[in-house]
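Below is one structure, written out as C-alpha cells; the observations come after it.
Since the structure is predicted, the reported quantities are computational estimates derived from the model, not experimental observations.
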Amino acid sequence: MADPSHAIRAYMVGSFQELPPSIIQDLENGSLSLLSIVKLLGESLLDEQDEVRTRAVHFLADILAHFLPTNPSNQQRKPLEATPSQDPPSNTTSIFTPQVVKTLTTFFSEKLSDAVLIAENFAKSSKAPQPLPASAPMTKLKEVEQQTIRGSDMLVACLNALNCLSACHGHTPNQPRGFGVVESHKVSEALFSNLRTSDHPQSLRFLVYSLLDSLVAHHRSNLKSYKSAATLAAEAAAMAEDDSDDDAQSPGDQAITGDKNKEEGEEAMEKKKGSKKEDKACVGKDFLKGYVKLVSGEKDPRNLMVLFGVDKVLLTEWEMDTELTEAFFDITYCYFPISFRPPPDDPYGITSDDLKLALRGVLSSTPSFAPYGYPLLLEKLSAAGGPAKLDTLRTLIASLPVYGRAAAKANSKSLWEALKIEIFHATDEETSQLSCRALTQLVTVMYEGVDPPEGLAPMMVNDCLIELEEPGKSLAKAALKVLACLVKATRSTAYLAIYAFMDQMMKMFTDPEIDLAVRAPILAGVGELLAVLAAVYRNPEGGQSSSKEVTQGPPQTVKLVGGGGVDSISVQTNTNSDVGSGGGLQASVVSKEERSYDLDGRPLDPFLSELLTSLSNGLRSTSYRRSALHAFSSVVSISILFSTSSPHGSSSVEVEAMDLDEEERAQGDQVGGKEDGKTRKTGPFLSNEEISFLTHNVSEMLTLPLGDEVREEALCAIEVISNERFGGGLTQGACGAGGAGGEGGKTMEKVVLPVLLECLPDRILPQREERSSDVTMQEGEGTQPGLEAVKGKIRRSLGAISRLCLIPQVFDIVVVRLFTKLELCCNKKSEGEEEESEEIKEANKGYARGIILTLQTLLDEKKARGHRDLARHGQNLPQRIVKLVLSGLGDQVTQAGISASQEIVADCSKLLATLVRTIDKNRQRGLMEMLEKAFVKGEGDLVPSHLRGGKFRPLELSASTEEADDDYGWMKSIRDTVALYGAAIVASCKGAGLPRFTNSDDETEIAVELIRRVLGWTLDSSEKIRSELQIRTGKMILCTVVNKFIPEPAPVGFTAMLSKFWEEKIVGLEKATTSSYSKRIMALQVWMWIAKGLVVRSSKEAERMLEKVRSDVFERSGESNQDDDDQREDAWKFSKEAARSLEIVARSDDGVVSKENGCIVRLLYKQRLFSYLLPLVIQGYRSHQSKTPTSTDQDELESGVSGGRNPQTIYLISLSSLLPSLPPTTLTSQLSSLFPLLIQSLSLPDPKARSYSSNTLTISLELGKKIRDDRIEKEKEREVAIKLSGRRVADQLASSTSTSDEVENQKPLQQQEEVDLLALNESHLGTIIKRCNQNFEKARFNSTSTRVSSLRTLTSLARCLPYQALRPYKNQVLSGLASPGRGIDDDKRIVRMAAVDCRDVWYGLEE
Amino acid sequence: QIEEKIDSQEIFDLIRSITDPEHPLTLEQLAVVDSSYIKVTNNPDRSKQSHVLLEFQPTIPHCSMATLIGLSLRVRLLRSLPSRFKVDIRVREGSHQSENAVNKQLNDKERVAAALENSHLLGVVQGCLSSASRRG
C-alpha cells in the first residue's frame, strides 16, 4: 500500500487528475479515515496560495462525490462534475458518521465565502476572459464559460460537496445521516449571504439551483424555521437538540406533515378572511426571501426547468403572505407566455413545450395567485396572438379550477368578454376549441352544484340568444358553441341553456311570419345542441364519476329537492371550493357531476310537442329534412340513453321528478301555455309510440325514391339509433342493472325492419296498370314504369338492410325473412299460372341475386366486426342454400327454375363458402357428409324428390355419350350445382374430410382418386354441357385438395397421374385438330392451378411441374413442325397462352389458397418461387437471344406488328405475366437484369404483356423516387440525430429503420446490391419514351389498358426523373399526346384522362 | 369498339378542381362552373371542327378575377382538348358588369397568347391549375 501522504501530495501537484485510487481503496477498507486525510491535507487547506487551497478543497469534494453520488440530478451536470462512480460503495455510513457530515457541511459552508472571493478575484485578474456578447457563436461562449468556471473551481467544488451532503438525511438504510436542521440553515445562510448568481455563468448557477432543489426536496420542513437574522446563532443552538428527531423522519412522515401544514394553512386562510391585516401566516419567510433574491433574473431554460419545479413545491406546500406571494408572482409570471425556441444545436433537448408545461404547473399551483393572475392572463389573451394565445388559454384552463370559484366570480365578466371574442370571431379552429374548453371550465367552476345559476350564465345565454335571432348567420354558429359549453359544464347551466334555446327556436320555427328558409338552420342548430347533450349522457365518464359520488354520499339526492335544498348545497360547497383555497385543487380537473336527462331537470319536456311537430314537419319537407335528420337522431339517442340509464336510482328520481313536474309546468305555462299537461314525467323522454312514429318516417325515406339525396343521412341517423342499444347495453352491463333496454335494437326490429321488408315482394309479378296506380300516388314515382318502380324499391330496401341489420338481434330476423323471400322468389310458378315473360324471369333472377348479395354483404361486415353469432347461422344455412338450388332443377321435361341458373349458383356458392368458414371442424365434417350423400350418391333430403334414385349424379355426368340436344341444358345445370359442393370442399379445413370414390381408408388415396375424378369431370366432358363455372370449380377444387391432402414428397400415384395427364392432355394433343386447341389450353391452366396449390407449400413437385412447362412448351414454341398454317397458328397461340398462364401460379390475390380456407401457406413461398422462376425466364430469354440474332426478327419486334415467333418472345411474355405479382423488393434487386427484357416486352405482340411491363416500369420509377426521398429524409434525420446525441444514436436509428421493412420481402434478397432504379430508367430514357409513344396509339396490340399504362409510365417519368434528362423529349411527348386520334383525342375516356394528366405533368416541367 | 365521345361532364371534370385565384376553394365549390353551363357539339367527322361552349359565373358582378378565371379555363382546355375542338369561353349572361369586355378578351387568340407570355401571369395560372388533376 502506498503511503497516503504521497498520494495526496501527488494529487496536490497535479499528477492525478482524479482521485488517487489508493486513497479510495484505503478509505473503503477502513485503513484510512477521513480525519487523517484532513490532517494530511492540513496545511494545504489553509495555504495562502489560492490554487493550493482550491486543490485541497477539491480533493475533499471529490471524495464526497465518489462516495455519495446520491442525487439523481447529478447526472445532468455534465460539463463540470466528474461522472459519479458506477456503484456507490456500501460502507459509506461507516465513513460518513453524522458527526463527519455535520463537520464537513460546516466546513464547506464556511469555505463558500472564501470560494466566492477567489472567483471574484479571478474575474478581476488579467487571466479572466474578455466578456462576449450573447450573440457570439455557441462554441466561443462555451470556451469563455469554461475559463470562468476554472476560476471558480473552489466554488464548484464546494457546491458539489454540499449537494452531496444535503442528501445525507438517512431516509434509506445505507445512507449516511447527519444533515439536519442546523446544517440546512447553515447552508442556506452561506448561499444567501455570499452568492450573487448574476455574477456567475450558467453552469455554475445550475449547481446553485440544484443545491436549492436538493435542500427543498429533502429538508423542506427544516427550512421553515430558517432565520437569516443575527439571532440565528442563539436560536440554532437551542434547536440543535431536536436535530436527531427531525433526521429520523421518513419521507412518508414528511408528506403527512406537509398535508398537516396545508390544513393548518387553510385554517390560517380562513382566519385571514376574518381579519385581513394579520400577516403572520407566512412560513419560512427568510428562506423564501433569500430564494427569491437568488433566483430572480434567471434566463437560461435549463436552470428555469429546475427552478419551476422548486417554485411549484414551495407554492403548493408553504403558506405565504401577500408580500411573498407577490414576490413569487413576479419571479414566475414574468416568464409568461414563453416564447423560447430551442437553438438548432441545443444539446440539452429542452423544448418550448417542456418549459410551457413546467411554468403552467407553477402558475396553476396555488389559488393565492388568483388576484394577480387573472388580470395578467386577461391582458395576454387580448394582446397576444398565435402560440402565446393558445398557451394563455391552456394556462387559463389549468388555473380556473385551482383559483377557485370566488376568484372566477370576481373576474367572470371580463373572462366571458375575452373568451366571447375568441369564440365569436375565432381566427382559427384551435383557438376557438380551446376557448370553448376554457369557457366550459369557467362555467363548471362557477356553477357546479349551484342551482339556479345566477349572474354570468344567464348573461351568456342572453348574448347567445340575441345572435340566434338570425340562425343562418355565422355568429349563430358561434353562439351554439357557447351554448354547447354551458350544456357540457353543469346540470343547472345545461337546463338553463337548453330551456332558453329551445324556447326561442321553437317559437321561431312555428312563427308563421318568419321566413321559411330559416327553418333549416333552426333544426340544424337544435340537432347540433342536442347532439352535444346526447354526447354528454353517452360519455362513460358520467358512469365513473357517478360511482365516486355515490361513495361521497348524499349530494345528488339533496340537489333536486327544491327551494329548501339550495341552502344545504351552498353550505356544502362553501366548505369545499368556494373559499378558493387549496381545496380547489382536488375539485379541479376530473370533477364532474353525474349527468342524465333526469338529473339535468328534463329540459326538453316543455317543448316536447313542438319538437315532435317540427321534427315530423321537417322530415316531410324537402328543403330542411337534412337538418331534421340530425336532430332526429339526437333526440332519439337522448331518449334511448335515458331509458337505459334510468334503472339505477330510479325511485329517488321519480320523487324528484314529481316535484320538478309542477315547477316545470308552471314554467311551461308562463312560456307559452303549450304544456299539454301530460303526466308522464316519470317515464322516458319519448314514449315508444313517439319514437316509432319518428323512426317510421325516417325509414320510409330509405325506401322511397324521393329520399335519394338524404338517404345517406337517414342511414346514418338510423345507424346511430341502432348502435345506441349497444352503448346503452354496455353501460348497463357495467352497472350490473341488465334486464330492460335494447331500445335501439327494439326500434329497429319493430319499426324500421317492417318498413324495409314491406318493400320486398314475394316475387316480382307482371305489373298491371291498376297496381302501379297506387304507386303513382307517391310523389316522384309516377315517372317510372311499374316494374322499374318495384325494382327501385327493392334495391333501396336491400341496400338499407345490408347497412343497418348487423346487430345480432335484428340480423336473426333478417336472415329468416330474407331467406323466405328468396325461396318464394325462386319458386317455380304453380301449374295454373300463365307463362311468365322473359322480362319478369330476368327481374326475379336479379331480385334473388340481390337478396343473396345482401346476405353476403351482411356476413362479410359481421365477420369484419368479429360478431360471434355467425357460427350459428353457418350451421343451418348451408343446407338450405343447397336445397334451394337443387329444388330449382327440373327434370328432363320441365324447365329449370331460376335458382339453378348459373349466376345464382355462383352467388350461392360464394355465400356457402363464407358460411362454411365460420363453423368449426366437426360441423364442417357433418356438412361434408351430408353433401357427399347428395352429390355423390344422389340421395338424402337435399335432393328434390323427382331427382332421387340415381337421376342426380352431377359428378358422373361427362356426357361423352350422345344425348338428345334438349337434354344438354338440363345436364349443364345439374353439373353447375357442383359449384356448391366445390365451394364447401375449398372452404372447409383438412379435418373435414373428402368425398370418397374409393374403398381405401388412406386419406392420400382418397385425395388422389378425387383428383383423378375431378380432372376427368372438368376436362373430358363435351363442350355442350360445360360452363365457365364448372371449370373454375374444378380448378379450385384441384388446387386446394392438392395443397391440403397430398403429402410431401408427393406419392408415386400422384406423380404418375400427373405425368400421364401431361403426356395425354398437353403434349399429346399437339398435333391434333383445331378443336383440341381450347382443350389444351384448359388442361394447361388446370396444370398451373395444381402447381399453384403446391407452390404455396413450397413443394419440390411444383418446380418439376413448372420445369415441364418450360422444357415442353416454351422451348419448343415457334418450331414449325406442323405443315398446316392453321395448326402453326394454333401452336403459337397456345405457347403464348401458356406463357400468360404463369400468372396463375404467381398471383396471390385470388383468395383461393389462403389460410382461411385451411390451406397450408408457407412463409416466404413467394420469394422462393420468384428466385426459382425469374432466373429461369431470364436464362431462357438469353439463351435464345444468342441463337437467333436475326435482324429481321428484331425489326419485327421493334415495330410491334407481329413479333418474332420464337421462344424469346414467349419468355418475354411469361416474364411480363409474372411482373404484377413481383414483390417490390425483388423488383429493386433484380431490376438491372430485368430491365432490357422489360423494354423488349414493351413491343411484344401481346397487349397484356405490354401493359404489365409498362406498369412495372412505372412501379420501378415511383419506387426509385420513394427510395430517394426516404434516403434524403433519413439523411436529414441522421444529421439532426448526430447533432443531438452523437453518432451512436444515429447509427441505431439507421439500423432500426432498415429492419422495420417487410421481413417477408427482405430476407432472401439482403445479399443483393441495391440498384439505383432512377438511374437505370434514365439510361434507357430514349427507348422507353419511344416505345411508350407507340403504345398509346390505337393499334392491334394496344388495348385500352395498354394505352393507359404506357401513359402512366410517361407521367411517372416526368414526375421522377430530373428535368435535364427529360428536356430533349418534352416537345416530342407533348405533341405526341395531342396529335389527332391519340392521347387526348383517344376514343376511350379513361385513356384521355390519363393523357391529360400526363400532359399536365410534362407541361409543368421546369428547371 | 364503341367511341366514348367527349361530353359536357368530361369537360366539367377537367375544370371543376381548378382553384380560385383568391380562395383556397375550387371553382366547383364556388359554383363558378357547372356541368349544365357547358355545351358540346361533336362533329361526327373527326377531320372537321367540333365546338365547346363553356360559360362560367363569377362570384360577384364586379369580380376582378373574372378574366383570370377565364384564362385559367382557357389554358386548361387548350392543354387537354384535342385541337379539333373550338372552345368559346364566356361569362354567363348578366353575371358580370363588364361582360362584353371579358368575353372579348377571353376569345381573342392574340390576347390570350400575349397574356401567357407574361411570366407572372402564367405563374398565377399555373397555380390555379395545379389542383386541376384532382377531378372533383
Side-chain angles (χ1 to χ4, degrees), chain A residues 427-429 474 1247 1251 1258 1262 1333 1336-1348 1351-1352 1354-1360 1363 1370-1407, chain B residues 1-19 24 35 38 40 42-52 71-87 116-117 119-120 122-136:
Chain A
T427 44
D428 59 307
E429 193 51 27
S474 64
S1251 60
T1258 313
E1262 298 291 339
N1333 257 336
F1336 70 77
E1337 66 189 297
K1338 270 182 289 176
R1340 187 177 151 208
F1341 292 114
N1342 292 343
S1343 67
T1344 314
S1345 62
T1346 316
R1347 301 204 293 262
V1348 172
L1351 285 169
R1352 294 229 169 100
L1354 276 179
T1355 316
S1356 287
L1357 283 175
R1359 270 164 45 87
C1360 306
Y1363 178 62
K1370 186 172 172 180
N1371 285 336
Q1372 182 196 340
V1373 172
L1374 284 176
S1375 60
L1377 284 165
S1379 48
R1382 29 187 273 150
I1384 57 172
D1385 199 15
D1386 203 279
D1387 276 355
K1388 294 284 171 194
R1389 186 162 292 149
I1390 186 167
V1391 181
R1392 288 199 295 263
M1393 266 169 63
V1396 167
D1397 287 346
C1398 180
R1399 219 163 172 243
D1400 240 19
V1401 178
W1402 279 85
Y1403 261 120
L1405 283 179
E1406 267 166 25
E1407 298 284 344
Chain B
Q1 272 216 349
I2 315 151
E3 185 186 344
E4 291 166 353
K5 290 210 167 78
I6 293 179
D7 58 9
S8 57
Q9 183 60 41
E10 184 173 342
I11 292 182
F12 179 60
D13 280 343
L14 289 173
I15 56 171
R16 64 200 291 184
S17 298
I18 297 175
T19 338
S35 56
I38 304 169
V40 184
N42 259 309
N43 198 330
D45 184 357
R46 275 181 164 240
S47 59
K48 301 227 172 91
Q49 203 163 50
S50 299
H51 186 254
V52 173
L71 191 62
S72 306
L73 292 171
R74 163 73 66 195
V75 172
R76 175 68 175 164
L77 293 189
L78 206 63
R79 287 179 177 182
S80 18
L81 283 184
S83 51
R84 65 196 164 89
F85 278 88
K86 180 183 188 306
V87 181
L116 292 180
E117 265 165 37
S119 63
H120 170 69
L122 189 64
V124 177
V125 170
Q126 292 276 34
C128 294
L129 293 183
S130 61
S131 60
S133 57
R134 284 206 298 252
R135 293 196 169 88

Task: Check: A:Val1396 and B:Arg76 side chains under 4.5 Å, non-hydrogen atoms - done: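 Contact flag for B:Arg76/A:Val1396 side chains = yes.
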What's the shortest heavy-atom distance between [X] and [Y], and which atoms?
X	Y	value
A:Tyr1403	B:Gln126	O-NE2, 4.4 Å
B:Arg46	A:Asp1386	NH2-O, 4.3 Å
A:Ile1384	B:Pro82	O-CG, 3.3 Å
A:Lys1388	B:Ile2	NZ-O, 3.1 Å

- [ ] Hey, could you give me the CE/OG distance between A:Met1393 and B:Ser80, rounded to the nearest 0.5 Å?
- [x]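 Nearest 0.5 Å value for the CE-OG distance: 12.0 Å.
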- [ ] Nearest 0.5 Å please: distance from the CG atom of A:Asp1400 over to the CG atom of B:Leu129.
- [x]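 If I round to the nearest 0.5 Å, the distance is 7.0 Å.
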Task: A:Ile1390 versus chain B, the contacting section by heavy-atom distance below 4.5 Å - done: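 The backbone, not the side chain.
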Open item on the list: Does B:Arg74 have more than 12 heavy atoms from other residues, nucleotides or ligands lying within 6.0 Å of its CZ?
Closed with: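 Buried by this count: over 12 neighbours within 6.0 Å.
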- [ ] Among B:Glu4, B:Gln9, B:Glu10, find the residue that satisfies the side chain to side chain donor-acceptor pair (under 3.5 Å) test when tested with A:Arg1389.
- [x]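 Testing A:Arg1389 for a side chain to side chain donor-acceptor pair (under 3.5 Å) against B:Glu4, B:Gln9, B:Glu10 leaves exactly one candidate, B:Glu10.
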TODO: With a 4.5 angstrom heavy-atom cut-off, could you sort out which part of B:Leu14 is near chain A: side chain, backbone, both or neither?
DONE: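 The side chain, not the backbone.
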